Amino acid sequence: FATLKQSAQSGAPLYLQLRKSIEDAVNRGLIGPGDALPSERDIATKADISRVTVRKAVQDLVKGGILVQRHGSGTFVAPRMERVEQSLSRLTSFTEDMARRGMAVRSAWLDRGLYAPSPDEMMVLGLSSSELVARVARLRIANDTPLAIERASLSASALPDPAGIGSSLYAALELTGNRPVRAVQRISAANLGDSDARLLEVPAGVAGLHIERISYLASGKVIEFTRSIYRGDAYDFVAELRLTG
Ligand code: GLP
């Protein structure tokens with residue numbers, strides 16, 4: 001960064017020059033995925049430019065998905081995504097899918113509690129307006145990369161304590177004999193809105209996948225109605241097709 005001020009006469013605005021030199025450093029591998037960027041103040045001092053200029057360059061690179069910002073801990077080179085290949089023929093949980101790949105799973109809670117059901121929750125889960133719905137909303141993270149936002153709704157009678165599920169919803173349902181045995185999953189394209197994009201650490205507006213899963217117990221009763229947003233740059237859903245005759 002130290003050479004920026006001298007080349008300022010070259011014409012391009014300083015923030016564009018800084019943006020390019022950070023981009024070059026990432027492309028040449030001088031700073032790699034997950035590495036922390038020096039603080040705005042350090043960059044400004046070294047390059048002898050204002051912090052406003054540094055901020056503008058950094059914001060541009062965050063928008064472009066080259067850098068990510070984590071509240072309270074700083075700015076980092078965005079992790080390189082390895083796409084996850086997910087079979088569409090097995091009814092598995094996020095925890096099982098990631099563990100099978102040897103990835104470390106964790107979740108950040110977005111919501112958990114009992115609520116009056118919305119009209120679509122009433123319809124899908126077969127609830128009356130006097131019954132409660134249990135909502136479990138989580139940011140799902142594998143190897144420190146946020147992959148999906150999942151919002152599950154279940155009847156409160158099947159999940160009276162949504163805060164008590166631990167790290168896996170399906171493991172908790174298994175304990176009470178409520179693990180689903182069949183599901184219908186609908187996948188559609190979605191562009192990520194601002195708040196979802198921020199949680200998933202991708203630029204707003206990029207492609208995502210909206211996934212709705214309605215899952216059933218052996219008795220045929222609906223147990224789970226989950227709406228999720230998955231990162232479009234992270235997932236391939238794969239199904240095997242057979243000619244049946
Ligand atoms: C998948 C499904 C969700 C399901 C979740 C349970 O991600 N798309 O519908 O709720 O798995 O995962 P876990 O048991 O890890 O909480």
Side-chain angles (χ1 to χ4, degrees), residues 81-115 117-118 120-121 123-127 133-190 192 196 199-202 207-218 220-239:
M81 262 327 295
E82 266 184 52
R83 295 178 74 86
V84 170
E85 197 167 288
Q86 178 66 48
S87 162
L88 276 175
S89 49
R90 279 188 304 269
L91 178 52
T92 47
S93 73
F94 187 87
T95 305
E96 292 162 343
D97 292 336
M98 296 306 135
R100 194 159 28 84
R101 297 184 176 92
M103 294 169 101
V105 194
R106 61 193 172 85
S107 300
W109 283 103
L110 304 174
D111 190 9
R112 50 183 157 177
L114 301 177
Y115 296 91
S118 66
D120 51 352
E121 286 169 329
M123 204 173 69
V124 174
L125 295 168
L127 297 174
V133 67
R135 291 195 191 134
V136 170
R138 295 169 292 172
L139 178 65
R140 314 297 314 255
I141 304 162
N143 281 1
D144 286 332
T145 303
L147 291 182
I149 300 166
E150 293 196 318
R151 299 178 185 281
S153 303
L154 296 91
S155 152
S157 58
L159 192 70
D161 177 21
I165 64 159
S167 55
S168 164
L169 174 62
Y170 279 15
L173 292 176
E174 183 127 40
L175 288 177
T176 54
N178 281 322
R179 174 149 181 160
V181 297
R182 185 173 78 84
V184 175
Q185 190 154 291
R186 180 182 295 269
I187 305 177
S188 45
L192 299 184
D196 287 349
L199 286 170
L200 293 171
E201 296 179 0
V202 292
L209 295 161
H210 181 264
I211 301 183
E212 183 187 278
R213 180 182 287 187
I214 297 178
S215 49
Y216 299 82
L217 298 174
K221 190 177 176 323
V222 173
I223 179 75
E224 172 199 13
F225 175 32
T226 294
R227 285 161 289 189
S228 314
I229 296 283
Y230 278 63
R231 276 173 63 154
D233 64 345
Y235 268 87
D236 290 314
F237 286 94
V238 180

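Counting starts at 1 for both ligands and their atoms, following the listed order. Here the structure is a predicted model, which is why all the values come from computation and not from measurement.
For atom 8 (N) of ligand 1, the nearest protein heavy atom (residue, atom name, distance) is Glu150 OE2, 3.1 Å. Nearest protein heavy-atom neighbour of atom 11 (O) of ligand 1: Phe94 N, 3.0 Å. Atom 15 (O) of ligand 1 has its closest protein heavy atom at Thr95 OG1, 2.3 Å. In terms of protein heavy-atom proximity, atom 4 (C) of ligand 1 is closest to Glu224 OE2, 3.2 Å.
Within the structure, the closest approach of Arg140 to ligand 1 falls below 4.0 Å when heavy atoms are considered.
Put simply, the side chain of Arg182 never gets that close to the backbone of Gly220: no donor and acceptor are under 3.5 Å apart. Without hydrogens or angle criteria, Arg231 side chain to Leu200 main chain gives a donor-acceptor distance under 3.5 Å.
Taking 4.0 Å as the cut-off between side-chain N and carboxylate O, Asp97 and Arg140 do not count as a salt-bridged pair. Under the 4.0 Å criterion applied to side-chain N and carboxylate O atoms, Asp236 and Arg83 are assigned as salt-bridge partners.
In terms of polar-atom proximity, Tyr170 is counted as a contact of ligand 1, with an N or O under 3.5 Å from an N or O of the ligand.
The cationic group of Arg179 does not satisfy the cation-pi geometry with Tyr170, failing either the under 6.0 Å distance to the six-membered ring centre or the 45° limit from the ring axis.
At a heavy-atom distance under 4.0 Å, atoms from both the backbone and the side chain of Ser168 approach ligand 1. No part of Phe225 comes within 4.0 Å of ligand 1, judged by heavy-atom distances. At a heavy-atom cutoff of 4.0 Å, ligand 1 is contacted by both the backbone and the side chain of Leu169.
Residue contact check: Thr226 has heavy atoms under 4.0 Å from atoms 9 (O), 10 (O) of ligand 1. Numbered from 1 in the order shown, with element, the atoms of ligand 1 that lie under 4.0 Å from a heavy atom of Arg138 read 16 (O). Close contacts between ligand 1 and Tyr230 involve ligand atoms 7 (O), 8 (N) [criterion: under 4.0 Å to a heavy atom].
Within 6.0 Å of CZ in Arg213 there are more than 12 heavy atoms belonging to other residues, nucleotides or ligands.
Closest approach of Ser118 to Asp120, counting heavy atoms only: OG-OD1, 2.5 Å.
Side-chain contact check for Ser87 and Ser89: at least one donor-acceptor pair (N or O, by modelled atom type) lies under 3.5 Å.
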